[in-house]
K.L.:
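Mind looking over this structure? Questions follow.
Just so it is clear, the values below take in all heavy atoms, side chains as well, and ignore hydrogens, waters and symmetry mates. Given the structure is predicted, the values throughout are model-derived calculations rather than measurements. Sequence lines set the chain letters: A, B, ... in the order given, protein chains first and strands last, and positions in each chain run from 1.
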Amino acid sequence: NAGVMQNPRHLVRRRGQEARLRCSPMKGHSHVYWYRQLPEEGLKFMVYLQKENIIDESGMPKERFSAEFPKEGPSILRIQQVVRGDSAAYFCASSPYFGAGNTIYFGEGSWLTVV
Amino acid sequence: AQKVTQAQTEISVVEKEDVTLDCVYETRDTTYYLFWYKQPPSGELVFLIRRNSFDEQNEISGRYSWNFQKSTSSFNFTITASQVVDSAVYFCALSEDNYGQNFVFGPGTRLSVLP
């Protein structure tokens, strides 16, 4: 999984603030995925993006959450007006191309704590 | 709908013992892909193996081996001669042959290898 870079690794926000999590995919990868891991739970799919396009956001909460993957720069997962229930580890993954069954490689995760 | 079950929440073994982690999946697709990922205490997710539904050959990689059986919808993972460094949470995941690359993860099995 070397190469998928996420920052920050740890982020503390007060309720009502905004959290921005960044993800740079592995070199040569143009597909990015965001997953959320709640404490003591498995990973839940949130969103799948290609450059400048959201392909599948079926796992994204309808409000306060948004994601983008601009032509230049990292993918950003934005959480507005955070609440305690948003405290989780957010993992980004990338793959080199679209195709069923692609292996996706994860970053080290960003741990969000809402106080 | 796709689903992954890892019935073992936690397993403890003593170093050098063999241990098998169970994974049972549900899918309506005839083409699908199975994965195992390891999450050590440091938190990152490490890719271990990918298997497609047409390849039922068992695989061995060092002390790791995987037993894929379509008849029982299982994809079990065995660690031979376990070591303390194997202590981690192990996730089984399923990806169907569909658009969107939505991986479904099991809840994970926490393996503790005691010295």
K.L.:
Side chains of A:Trp34 and A:Ser75: donor-acceptor distance under 3.5 Å anywhere?
P.N.:
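Per modelled atom types, A:Trp34 and A:Ser75 side chains form a pair under 3.5 Å.
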K.L.:
A:Gln81 and A:Glu63: side-chain donor and acceptor closer than 3.5 Å?
P.N.:
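There is no such pair (donor and acceptor under 3.5 Å, judged by atom type) between the side chains of A:Gln81 and A:Glu63.
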K.L.:
What part of B:Thr9 lies closer than 4.5 angstrom to a heavy atom of chain A: side chain, backbone, both or neither?
P.N.:
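It is neither, since no heavy atom gets under 4.5 Å.
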K.L.:
Enumerate by number any residue of residues 105-113 of chain B whose heavy atoms lie under 4.5 Å from heavy atoms of chain A; in the absence of such residues, state 'none'.
P.N.:
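The stretch touches chain A at B:Phe105, B:Gly106, B:Pro107, B:Arg110.
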K.L.:
Salt bridge between A:Arg9 and A:Glu108, side-chain N to carboxylate O under 4.0 Å?
P.N.:
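Yes, this pair counts.
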K.L.:
Side chains of A:Ser95 and A:Tyr33: donor-acceptor distance under 3.5 Å anywhere?
P.N.:
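A pair is found: one side chain offers a donor N or O, the other an acceptor, under 3.5 Å apart.
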K.L.:
With only heavy atoms counted, which part of A:Gln37 is less than 4.5 Å from chain B, the side chain, the backbone, both or neither?
P.N.:
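Only the side chain of A:Gln37 comes within 4.5 Å of chain B.
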K.L.:
When you check the side-chain N and O atoms of B:Thr27 and B:Asp29, is any donor under 3.5 Å from an acceptor?
P.N.:
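No, because no side-chain N or O of B:Thr27 sits under 3.5 Å from a partner of the opposite role on B:Asp29.
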K.L.:
Compute whether any side-chain donor of one residue and acceptor of the other, for B:Thr20 and B:Thr78, lie under 3.5 angstrom apart.
P.N.:
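There is such a pair (donor and acceptor under 3.5 Å, judged by atom type) between the side chains of B:Thr20 and B:Thr78.
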K.L.:
What part of B:Gln6 gets closer than 4.5 Å to chain A, counting heavy atoms only: side chain, backbone, both or neither?
P.N.:
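Neither part.
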K.L.:
Flag yes if more than 12 heavy atoms outside B:Lys16 fall under 6.0 Å of its NZ atom; otherwise flag no.
P.N.:
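Result for NZ/B:Lys16: open.
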